Amino acid sequence: MDILGELRERFRTALAGLTDSPNPLLEMIRPAAEPKFGDYQANFAMSLAKQLGRPPRDVAADVAARARLDDLCQQVEVAGPGFINLRLRSEVLATTLAAALVDPFLGVPRPAAPRTFVIDFSAPNVAKPMHVGHIRSTVIGDALCRLLRFRGDRVVSDNHLGDWGTQFGMVIYGYKHFRRPDEYAANPVAELSRLYRLVHSLIGYHELVAELPTLKQTADDRSAAARRLADQPPASDKAEAKKQAAAAQKALRQAEEAAKALTEACEKRASFESRPDQVALAAQHASIGQAVLDEVVRLHAGDAENLRLWREFMPHCLREIHAIYERLGVTFDEELGESFYHGQLADVVADMEARGLTRESDGAMCVFLEGFDAPMIIRKRDGAFLYATTDLATIRYRVERWKPDAILYVVDHRQAEHFDKLFAAARLWGYGGVALHHIAFGTVLGKDGKPYKTRSGDTVGLEGLIDEGVRKAFAVVQENDDRKPDGSEFTAEQRAQIAETVGVAALKYADLSQNRTSDYEFSYEKMLALDGNTAAYMQYSYARVRGIFRKAGVDSATLLAGASGSIQCEQPAERALALALARFPEAIAESLADFRPNQLTVYLYDLTRKFSSFFEACPVVRAESDELRRSRLLLCELTGRVVEKGLELLGIRVVDKM
RNA sequence: GCGCCCAUAGCUCAGCCGGAUAGAGCAGCGGAUUUCUAAUCCGCAGGUCGGGGGUUCGAGUCCCUCUGGGCGUGCCA
């Protein structure tokens with residue numbers, strides 16, 4: 001049973017006749033802020049009293065009486081200005097948990113009308129190695145798929161691969177000019193990756209050199225501006241003088257930043273130029289940037305050679321990223337990348353044109369949208385299409401093929417404006433029937449508060465990130481196993497397996513436990529911490545549950561098949577754990593209300609803490625009576641299952657021992 | 001310039017649609033182990049929720065404004 005749902009239904013009946021819109025009021029029934037207020041509290045009486053023009057406490061008492069809660073609550077009291085505090089009967093907890101124990105959905109109610117979601121996430125460029133920037137989309141998107149499916153909705157997960165853009169132009173150009181045939185034959189993925197990096201660095205060098213004069217100019221301008229402000233005589237007015245000082249400070253800071261940027265650029269150039277072979281290559285390929293774009297144009301135009309190379313490279317690139325997905329435990333129903341939509345783009349533009357939605361401007365085909373300064377460009381002056389065009393084609397395809405109720409885009413918050421425009425354009429185009437959501441997330445930052453990079457300023461590869469996490473996890477596993485009082489219990493292979501599970505879990509959990517909208521600071525130390533809100537803490541709780549069953553010599557199946565007997569909640573720690581277990585449905589609902597997996601991590605942390613307290617306070621195997629032992633074993637069993645399921649919904653695995 | 005986002009304990013962060021005395025972890029301090037995994041538990045200390053104004057019975061949460069920071073901003077994705 002979903003207790004909160006049941007309480008709301010009781011109050012819905014009680015509110016009949018008092019208000020025409022009970023839903024907002026029912027939303028105000030929630031878990032109690034503090035244990036001393038009970039288990040749940042209803043906060044709507046103050047607001048309802050206002051509407052009715054009656055004293056809030058009277059309204060609260062009246063509605064509480066009409067809700068007929070006696071069978072659910074052992075105590076219902078009106079407190080403060082009109083809060084209704086509710087304390088559940090222990091029998092209600094016991095029957096709720098008994099039902100959850102035999103329910104594959106652990107008490108989470110089935111939806112009356114399942115909906116269909118298309119979830120667009122991960123979407124890496126396949127021509128270059130995945131990096132830290134892909135972790136959030138991949139992990140959050142996967143968790144949302146799992147959560148929605150568990151709730152009973154239909155989900156189509158779609159990896160909208162970047163398989164048709166500039167990155168492929170780089171690889172093709174690299175292959176044509178720099179390939180090492182032997183290495184390509186031996187290890188195509190590594191060689192393609194090398195070619196990508198080489199071309200990328202050559203283009204980067206040329207751009208850097210081209211950019212240098214501008215950087216120098218900016219640095220000079222800012223420095224002059226800062227000096228000018230610093231030399232300004234202070235204003236006589238105090239407030240004005242303060243403002244002046246602040247402006248001078250700011251100008252100085254900007255000047256310093258510009259100078260730093262210039263210095264860094266010069267250092268970068270010097271570093272590149274310290275290798276004569278690189279300089280020679282750069283000189284030989286002076287217009288490599290344009291040449292790469294030309295390769296892309298040829299590919300898009302159907303050039304036989306480039307298309308052949310693209311078809312040859314794709315399987316290698318896909319194998320590379322799939323290896324990472326496998327390690328992360330992430331799968332997709334579809335992987336329809338940009339290339340899939342290529343043939344549909346001209347028609348998208350033609351169709352929108354035919355409907356009178358477009359207007360030509362400076363040679364580009366545009367959709368002008370109300371509320372936006374800049375139009376959405378769907379065909380460039382040179383005739384090429386853009387990602388906006390592909391995104392529109394993708395919406396049309398998805399709507400026609402899957403008829404979804406909603407499409408979710410799990411994409412970096414920096415693209416918010418793009419999606420605002422895209423969704424507005426889609427509505428204009430006639431696709432207003434499907435709900436379109438941008439599930440935005442923040443940036444992964446380094447210790448310096450800037451986007452996470454290696455010390456030399458390169459992006460951090462995702463595979464290396466996982467390896468490092470697993471390596472650090474291994475050290476922890478090893479240390480703890482060595483320290484066990486009865487001697488270590490794992491083989492080297494077991495240690496490695498545990499480390500892989502714990503390390504990957506730490507990485508994913510660290511990401512999922514953040515509010516997705518905020519940036520967060522990446523730290524191995526934090527994510528692999530042994531306590532606090534970390535994956536290891538959850539996994540440890542699960543392992544402890546399994547440990548109890550091993551010690552008790554009971555397995556879950558025989559426990560459940562055994563003679564019935566209800567769960568007791570005499571001890572505060574037992575009751576607190578029972579209540580937390582009964583709230584699993586609320587946690588699922590809360591996580592999906594605004595697509596925030598961190599709501600589930602908050603719940604799991606609360607649950608496992610309560611389990612730890614229970615573990616300390618309440619002996620299970622050595623309980624005073626068989627009845628109590630059985631009751632506690634049932635609590636442990638459900639805890640294990642909820643933790644395992646909760647982590648599974650986050651894409652995280654458990655281990656029996658650690 | 002315009003637009004969006006952010007500012008909560010020393011640090012990293014929660015805080016749901018406005019609800020009672022703002023919560024965790026880390027770091028700090030003090031306890032607990034002959035006991036089912038101490039990868040743990042219990043306790044102490046730590047706050048002008050960036051400043052100011054407003055709406056409300058009630059504001060960290062909503063509105064206005066200022067300050068500081070991040071991001072985006074017509075032919076990249």
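We use all heavy atoms of the structure for the numbers below, so side chains are in, but hydrogens, waters and symmetry mates are not. Residue numbers start from 1 in every chain, and the chains themselves are labelled A, B, ... in the order their sequence lines are given, proteins ahead of strands. None of the values given here were measured: they were computed from a predicted structure.
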Give me the distance, rounded to whole Å, that separates [N] from [M] when you measure between the [atom1] atoms they each carry.
{"N": "B:rA22", "M": "B:rA59", "atom1": "C1'", "answer": "12 Å"}
{"N": "B:rU61", "M": "B:rG19", "atom1": "C1'", "answer": "11 Å"}
{"N": "B:rG50", "M": "B:rC13", "atom1": "P", "answer": "15 Å"}
{"N": "B:rG54", "M": "B:rC71", "atom1": "C1'", "answer": "29 Å"}
{"N": "B:rA9", "M": "B:rA14", "atom1": "C1'", "answer": "13 Å"}
{"N": "B:rG51", "M": "B:rU37", "atom1": "P", "answer": "49 Å"}
{"N": "B:rG69", "M": "B:rA32", "atom1": "P", "answer": "49 Å"}
{"N": "B:rG25", "M": "B:rG18", "atom1": "P", "answer": "28 Å"}

Choosing from [options], which nucleotide comes nearest the side chain of [X]?
{"X": "A:Asn598", "options": "B:rC36, B:rG19, B:rG15", "answer": "B:rG15"}
{"X": "A:Ser612", "options": "B:rC41, B:rC76, B:rA39", "answer": "B:rC41"}
{"X": "A:Cys366", "options": "B:rC16, B:rA20, B:rG74", "answer": "B:rG74"}
{"X": "A:Glu521", "options": "B:rC13, B:rU35, B:rG74", "answer": "B:rC13"}
{"X": "A:Met46", "options": "B:rG19, B:rA77, B:rU40", "answer": "B:rG19"}
{"X": "A:Arg609", "options": "B:rU12, B:rA24, B:rG72", "answer": "B:rA24"}
{"X": "A:Ser613", "options": "B:rC71, B:rC42, B:rA39", "answer": "B:rC42"}
{"X": "A:Ser518", "options": "B:rA14, B:rG74, B:rA39", "answer": "B:rA14"}
{"X": "A:Glu616", "options": "B:rG72, B:rU21, B:rC41", "answer": "B:rC41"}
{"X": "A:Lys526", "options": "B:rU35, B:rU12, B:rG25", "answer": "B:rU12"}

Just call it for [X]: base, sugar-phosphate, or nothing, with non-hydrogen atoms closer than 4.0 Å on any strand.
{"X": "A:Glu590", "answer": "base"}
{"X": "A:Val602", "answer": "sugar-phosphate"}
{"X": "A:Glu338", "answer": "sugar-phosphate"}
{"X": "A:Phe372", "answer": "nothing"}
{"X": "A:Asp362", "answer": "base"}
{"X": "A:Lys657", "answer": "base"}
{"X": "A:Asn533", "answer": "nothing"}
{"X": "A:Gln514", "answer": "sugar-phosphate"}
{"X": "A:Phe549", "answer": "nothing"}
{"X": "A:Ala123", "answer": "nothing"}
{"X": "A:Leu386", "answer": "sugar-phosphate"}
{"X": "A:Gly547", "answer": "sugar-phosphate"}
{"X": "A:Lys551", "answer": "sugar-phosphate"}
{"X": "A:Arg381", "answer": "base"}

Looking only at side-chain N and O atoms, does [X] come under 4.0 Å of OP1 or OP2 in [N]?
{"X": "A:Arg544", "N": "B:rC41", "answer": "no"}
{"X": "A:Arg483", "N": "B:rA39", "answer": "yes"}
{"X": "A:Gln415", "N": "B:rC71", "answer": "no"}
{"X": "A:Asn43", "N": "B:rG19", "answer": "no"}

Honestly, is [X] close enough over [Y], meaning NZ or CZ under 6.0 Å from the six-membered ring centre and within 45° of the axis?
{"X": "A:Arg359", "Y": "A:Phe368", "answer": "yes"}
{"X": "A:Arg609", "Y": "A:Tyr605", "answer": "yes"}
{"X": "A:Lys128", "Y": "A:Tyr196", "answer": "no"}
{"X": "A:Arg87", "Y": "A:Tyr40", "answer": "no"}
{"X": "A:Arg544", "Y": "A:Phe611", "answer": "no"}
{"X": "A:Arg8", "Y": "A:Phe11", "answer": "no"}

By nearest-heavy-atom nucleotide on RNA chain B, the more 5' of A:Phe615 and A:Met28 is A:Met28
Most 5' of A:Gly162 and A:Thr608 on RNA chain B, judged by nearest nucleotide
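Nearer the 5' end of the strand: A:Thr608.
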G-U wobble or Watson-Crick pairing nucleotide for B:rG68 (cut-off 3.5 Å, both distances):
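Pair assignment: B:rG68 / B:rC6.
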Taking a pair to mean Watson-Crick or G-U wobble geometry with both distances below 3.5 Å, B:rG43 pairs with B:rC29
Rounding to an integer number of Å, can you tell me how far [X] [atom1] sits from [N] [atom2]?
{"X": "A:Asp511", "N": "B:rC13", "atom1": "CG", "atom2": "C1'", "value": "14 Å"}
{"X": "A:Arg359", "N": "B:rG74", "atom1": "CZ", "atom2": "P", "value": "17 Å"}
{"X": "A:His160", "N": "B:rA77", "atom1": "NE2", "atom2": "C1'", "value": "10 Å"}
{"X": "A:Asp373", "N": "B:rC4", "atom1": "CG", "atom2": "P", "value": "11 Å"}
{"X": "A:Leu422", "N": "B:rC76", "atom1": "CG", "atom2": "P", "value": "17 Å"}
{"X": "A:Asp606", "N": "B:rC16", "atom1": "CG", "atom2": "C1'", "value": "15 Å"}

For atom CG of A:Asp448, decide whether the heavy atoms of other residues, nucleotides or ligands shown that lie under 6.0 angstrom number more than 12. yes
Worksheet item: Does the pair A:Leu147 and A:Phe595 meet the rule for a side chain to side chain contact (heavy atoms under 4.5 Å, CB included), with working shown?
Response: CA-CA 9 Å; A:Leu147 277 161; A:Phe595 307 108; over 6 Å; no
key: Stepwise side chain to side chain contact (heavy atoms under 4.5 Å, CB included) test for A:Phe121 and A:Ile439   = CA-CA 10 Å; A:Phe121 68 101; A:Ile439 311 298; over 6 Å; no
Hey, is the side chain of A:Ser361 pairing donor to acceptor with the base of B:rG74 inside 3.5 Å?
yes
Side chain A:Asn85 and base B:rA20 donor-acceptor under 3.5 Å: yes
By centroid distance (under 5.5 Å) and plane angle (under 30°), are A:Tyr605 and B:rA24 in a stacked arrangement?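 A:Tyr605 ring does not meet the centre or angle cut-off for B:rA24; no stack.
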Using a 5.5 Å cut-off between ring centres and planes within 30 degrees, is A:Tyr537 stacked on the base of B:rA39?
no
If we count only N and O atoms by modelled type, under 3.5 Å, do the side chains of A:Gln41 and A:Asn43 hold a donor and an acceptor together?
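Short answer, yes.
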